[in-house]
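What follows is a single structure, written as structure tokens, with notes after it.
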Amino acid sequence: QVRLVESGGGLVQPGGSLRLSCSASGSMFSIRAMGWYRQAPGQQRELVAHIDNGGSTNYADSVKGRFTISRDNAKNTVHLQMNTLKPEDTAVYYCHANLSAYIIGDPYEYWGQGTQVTVSS
């Protein structure tokens, strides 16, 4: 079983910055890719950013140029640097991991519990 633990959420003013972190822990697993999703009240969960083992990234159009995803493969940790935050960025942000190797019978996809990001003056 793999656990994803998120941190870094909080309340910031428009134009401010936050850095989210997510660490995966457990045994007998390897991660193929990690990403961040978000869900605002009354909205569908949407992809924010994604990074694979080779370092290739993709971003939602709404965050391009403002957010940066990075990964420390040795630590099984992913970060999301969020700059120039807007009220529209307010949501619960969820960490996601897709595994390339894992114990048979265990899930190959995991979600964190989410961390609240609120952008408001």
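What you see below is based on every heavy atom in this structure, not just the backbone, and it leaves out hydrogens, waters and symmetry mates. If you're wondering where the values come from, they're calculated on a predicted model, not measured in any experiment.
- In this structure the side chain of Val78 reaches within 4.5 angstrom of the side chain of Ile69, judged on heavy atoms.
- There is a side-chain donor-acceptor pair under 3.5 Å between Ser23 and Thr77.
- Heavy-atom contacts from other residues, nucleotides or ligands closer than 6.0 Å to CD of Gln113 number 12 or fewer.
- Residues Pro87 and Pro14 have side chains in contact (heavy-atom distance under 4.5 Å, counting atoms from C-beta outward).
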**Message:** Please determine whether side-chain contact (heavy atoms from CB on, under 4.5 Å) holds for the pair Asn58 and Leu47, giving the CA-CA distance in whole Å, both sets of side-chain angles, and the decisive distance to 0.1 Å.
**Reply:** CA-CA 9 Å; Asn58 58 69; Leu47 173 69; 3.5 Å; yes
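- Atom CG in Asn76 sits 8.0 Å away from atom OG in Ser30 (nearest 0.5 Å).
- Applying the salt bridge (Lys or Arg N to Asp or Glu O under 4.0 Å) test to residues at least two apart or on different chains, the pairs with a partner in residues 46-69 are Arg38-Glu46, Asp61-Lys64, Arg66-Asp89.
- Checked by atom type, the side-chain pair Arg71/Asn53 shows a donor-acceptor distance below 3.5 Å.
- In the model, His79 has no side-chain atom that pairs as donor or acceptor with a side-chain atom of Ser70 under 3.5 Å.
- Annotation for Val2 and Ala24: closest pair CG1-CB, 4.1 Å, computed over non-hydrogen atoms.
- No more than 12 heavy atoms of other residues, nucleotides or ligands lie within 6.0 Å of CZ in Arg3, so this atom counts as exposed by the packing criterion.
- Checked options Val48, Val119, Leu20; the residue passing with Met82 is Leu20 (criterion: side chain to side chain contact (heavy atoms under 4.5 Å, CB included)).
- Inter-residue side-chain proximity for Tyr93 and Glu6 is flagged as unmet; no heavy-atom pair is nearer than 4.5 Å.
- With a 6.0 Å cutoff to the six-membered ring centre and a 45° limit on the axis angle, Arg45 counts as a cation-pi contact of Tyr94.
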**Request:** Check the pair Met34, His96 against side-chain contact (heavy atoms from CB on, under 4.5 Å), reporting the backbone distance first and the verdict last.
**Result:** CA-CA 6 Å; Met34 300 185 76; His96 176 265; over 6 Å; no
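- Contact between Ala91 and Ala40 at its shortest, heavy atoms only, is CB-N, 3.8 Å.
- Aromatic ring orientation, Tyr102 versus Tyr108: tilted (interplanar angle from 30° to 60°).
- Using a 4.5 Å heavy-atom threshold, the side chains of Val92 and Thr115 count as separate.
- Note that CD of Gln13 is 13.0 Å distant from OG1 of Thr118, once rounded to the nearest 0.5 Å.
- The disulfide bond (SG atoms under 2.5 Å apart) analysis of residues 67-121, with sequence neighbours excluded, yields the pairs Cys22-Cys95.
- Cluster annotation: Tyr59 is connected to Val117 through the hydrophobic network of ILVMFWY side chains, with a link wherever side-chain heavy atoms come within less than 4.5 Å.
- In this structure, Leu85 and Leu18 have side chains that are in contact, with non-hydrogen atoms separated by less than 4.5 Å.
- Under the 6.0 Å cut-off for aromatic ring centres, Phe67 and Trp36 do not qualify, their centroids lying 6.0 Å or more apart.
- A chain of hydrophobic side-chain contacts below 4.5 Å, direct or via other Ile, Leu, Val, Met, Phe, Trp or Tyr residues, connects Ile31 to Leu4.
- With sequence neighbours excluded, no residue forms a side-chain hydrogen bond (donor to acceptor under 3.5 Å, both in side chains) with Lys75.
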